[in-house]
There are 2 protein chains.
Amino acid sequence: MSVHRDIRASNQDCGDCPIRHRAVCARCEEDELIQLEQIKYYRSYQAGQTVIWSGDKMDFVASVVTGIATLTQTMEDGRRQMVGLLLPSDFVGRPGRSAAAYDVTATTDLVMCCFRRKPFEELMASTPHIAQRLLEMTLDELDAAREWMLLLGRKTAREKIASLLAIIARRDASLKEPRANAGAITFDLPLTREEMADYLGLTLETVSRQMSALKRDGIITLDGKRQVTIPVLDALMEETGDDSDGGFLV
Amino acid sequence: MSVHRDIRASNQDCGDCPIRHRAVCARCEEDELIQLEQIKYYRSYQAGQTVIWSGDKMDFVASVVTGIATLTQTMEDGRRQMVGLLLPSDFVGRPGRSAAAYDVTATTDLVMCCFRRKPFEELMASTPHIAQRLLEMTLDELDAAREWMLLLGRKTAREKIASLLAIIARRDASLKEPRANAGAITFDLPLTREEMADYLGLTLETVSRQMSALKRDGIITLDGKRQVTIPVLDALMEETGDDSDGGFLV
DNA sequence: GATCTGCCTTGATGCAGATCAATAGAAGAA
DNA sequence: TTCTTCTATTGATCTGCATCAAGGCAGATC
């Protein structure tokens, strides 16, 4: 029984491996996998815990296995802006840099798969496709960041909220049942109103008001404070301000 | 006489080569250089010309040789947000994607060094350090995008303008005279008021008003509409809202 | 010269979202 | 139970920037 098969079986979707997972698994080569296995270890954090503060020494790179983490920047006077949302399989840390550039916080309970930085860098230098895979992932992050720049710079509060809900809804829908776009989508918000505000460049009061407004208008349904139902996804999409047929980049 | 030396001599700073330039030139290997030389060609654009529209087929990747280009996103109703500023040596295009994700526009007269996409991707697959170099560049872009997210989401109009001027001033200062931080810095704005507004998530009127305000307060001096002088860089930095000692990431 | 056009400035006014403030529910602790 | 704490909602008011509008200036064209 090969080590490779072993590992594939134990980590479905290779969720803890930043280099080969999902569609890329086919590229796996046994000996590289063993090397990655040798330098990896897991860390767990509780919801609300800070993984690392901006500027602190960061002697590892990591990928999210389960849970959600956030990247935020803080100004001297306390103004905060979230600049990234890390979902399972997303990568944190930068090869070649030993200090964290952002505050990394566990929003939910979080498990990360860490690689000590030095050996990871050495492995990357000797293993071409690690850099190639990281490049792909980084380009995706860059696209997401730029989409968020449009949101932050030009969208109204209502459009911002709708966009965030749409992103979470679509992600949840694709995870749960790839072919169920017809019916209503229900999910738990993984963010507090304040975290949503930090992500959207708003205040928590405005977030709350716009959530209420979307509820009043029948775009969403709230069950408690966190559980959201989208009766008709297209109706929500109408509110985001995005092109109706956007996102066909090949 | 090696081809390598030839090319280094003719393109100072390797400004037209996205993979090895500046400090990375040391990595150059002659045969790869020849291969890159074989698939590259130049394109020129006049100020104001559109290089490519979002969604259009883009059969090349490229790097800026001289001039400035911008990446912008436009919403259906015409709201525009600039999401990237491409300076000499910056890279455009995405390996593995054949459609442009943004409008690319020449802000000044522009020369780009282009590589047909297919051969470039093949070269990248067979030449590890191309992906590694592109990864570094993309990570830098991602950091810049995230810094801009903080600006768009949380900074005031005055802070936004000051931040933009500071970025341009520091870049110009470092290009012209690396060790002349003491005196005043003078440069020509490469952007119109409207382009500044698109970059900063403001209207052109607000940009104009804030420029006037900074002039009134002695932070900047205007000579004509475009030539800007920063008498005391630290005074401008004070207005950006950034940490006074920011940016020491190693 | 006159006129046009692109770019910029400045003023008057309006409004979206921030700010300040009060209240409420839910979960946990004493 | 009651108190505390955390999170969320909602109202009243304020303000920074957008919007609408009217020139101004410099370079191009005739």
Side-chain angles (χ1 to χ4, degrees), chain A residues 46-49 75 77-81 105 107-108 151-165 188-217 220-228 239 241, chain B residues 46-49 70 75 77-81 105-108 151-165 188-217 220-228 239 241:
Chain A
Q46 293 184 330
Q49 232 185 322
M75 293 172 69
D77 59 6
R79 280 176 282 175
R80 290 161 53 84
Q81 177 64 50
T105 310
T107 302
T108 63
L151 177 145
L152 290 171
R154 295 302 184 194
K155 287 190 178 179
T156 65
R158 185 184 177 95
E159 288 170 338
K160 288 178 175 181
I161 299 284
S163 300
L164 179 59
L165 293 177
D188 278 323
L189 270 179
L191 304 173
T192 67
R193 299 290 186 265
E194 186 174 18
E195 286 165 337
M196 292 172 69
D198 282 344
Y199 204 11
L200 299 170
L202 299 170
T203 59
L204 67 92
E205 294 95 329
T206 298
V207 170
S208 183
R209 271 186 252 273
Q210 295 298 333
M211 291 287 287
S212 299
L214 288 175
K215 185 171 81 175
R216 196 160 48 242
D217 298 346
I220 64 173
T221 306
L222 288 177
D223 195 357
K225 294 166 189 309
R226 295 298 195 88
Q227 187 174 316
V228 179
E239 302 294 333
Chain B
Q46 293 184 330
Q49 231 183 323
T70 62
M75 293 171 70
D77 59 5
R79 280 176 281 174
R80 289 162 53 85
Q81 177 63 51
T105 310
T107 302
T108 63
L151 177 145
L152 291 171
R154 295 302 183 193
K155 287 190 178 179
T156 65
R158 185 182 176 96
E159 289 170 338
K160 287 178 176 182
I161 298 284
S163 300
L164 178 58
L165 293 177
D188 279 323
L189 269 179
L191 304 173
T192 66
R193 299 292 187 263
E194 187 175 17
E195 286 164 338
M196 292 172 69
D198 282 344
Y199 204 11
L200 299 169
L202 299 169
T203 59
L204 68 92
E205 293 95 329
T206 298
V207 170
S208 183
R209 272 185 252 272
Q210 296 297 335
M211 291 286 287
S212 300
L214 288 175
K215 185 171 80 176
R216 196 161 49 243
D217 298 345
I220 64 173
T221 306
L222 288 177
D223 195 357
K225 293 161 190 313
R226 295 296 195 89
Q227 188 175 318
V228 179
E239 302 293 333

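Chain letters run A, B, ... following the sequence lines, proteins first and then strands; every chain starts at 1.
Here C/dT10 presents its P atom at 12 Å from CD of B/Gln210, a figure rounded to the nearest Å. A/Ile161 has its CD1 atom 14 Å from the C1' atom of C/dA16, to the nearest Å. One can place CG of B/Leu222 at 7 Å from P of C/dT9, the figure rounded to the nearest angstrom. In this entry the distance linking CG of B/Leu189 with P of C/dC7 reads 14 Å, nearest Å. For the pair B/Leu204 CG and C/dC7 P, the computed distance is 11 Å after rounding to whole Å. Atom-to-atom, CZ of B/Arg209 to P of C/dT9 comes out at 11 Å; the value is rounded to the nearest Å. Between A/Arg79 atom CZ and C/dA18 atom C1' the separation is 13 Å, expressed in whole Å. In this structure, A/Asp223 places its CG atom 14 Å from C1' of C/dA26, rounding to the nearest Å.
B/Gly48 comes within 4.0 angstrom of no nucleic acid atom, judged by non-hydrogen atoms across all strands. Backbone-only engagement by A/Leu202 is indicated by non-hydrogen atom pairs under 4.0 Å involving sugar-phosphate atoms exclusively. Within 4.0 Å of B/Arg226, counting heavy atoms only, lie sugar-phosphate atoms of the nucleic acid but no base atom.
For the pair B/Leu164/B/Lys160, no side-chain contact is recorded, criterion being any heavy-atom separation below 4.5 Å from C-beta on. Between A/Leu222 and A/Val228, some side-chain heavy-atom pair lies under the 4.5 Å cut-off. Considering only heavy atoms from C-beta on, B/Thr192 comes within 4.5 Å of B/Arg226 through its side chain. Proximity of B/Arg154 to B/Glu159: side-chain heavy atoms (C-beta onward) are nowhere separated by under 4.5 Å. Contact annotation: the side chain of A/Arg193 never approaches that of A/Leu202 to less than 4.5 Å [non-hydrogen atoms, C-beta and beyond]. The shortest side-chain heavy-atom distance between B/Asp217 and B/Glu239 does not fall under the 4.5 Å cut-off. For the pair B/Leu165 and B/Leu214, the minimum side-chain heavy-atom distance is below 4.5 Å.
Remark: side-chain polar atoms of A/Gln81 are paired, donor with acceptor, to backbone N or O of A/Asp198 under 3.5 angstrom.
What you find for B/Arg158 and B/Gln210 is that their closest heavy atoms are CB-OE1, 3.5 Å. Between B/Ala197 and B/Thr203, the shortest heavy-atom contact is CB-C, 3.5 Å. Closest heavy-atom contact between B/Leu151 and B/Ser163: CD1-CB, 3.6 Å.
Taking 4.0 Å as the cutoff to heavy atoms of chain B, we find the contact window on DNA chain D bounded by D/dC17 to D/dC20.
For the helix from C/dG1-D/dC30 to C/dA30-D/dT1, the axis fitted to the five pairs at one end and the axis fitted to the five pairs at the other end meet at an angle of 20° (nearest 10 degrees).
Taking 4.0 angstrom as the limit, B/Ser208 places none of its side-chain polar atoms (N or O) nearer than this to OP1 or OP2 of C/dT10.
Shown for residues 190-198 of chain B: no residue has heavy atoms falling under 4.0 angstrom of DNA chain D.
Mapping B/Lys225 and A/Arg154 onto DNA chain D by nearest heavy atom places A/Arg154 closer to the 5' end of the strand.
The NZ atom of A/Lys215 sits 9.0 Å away from atom OG1 of A/Thr221, with the distance rounded to the nearest 0.5 Å.
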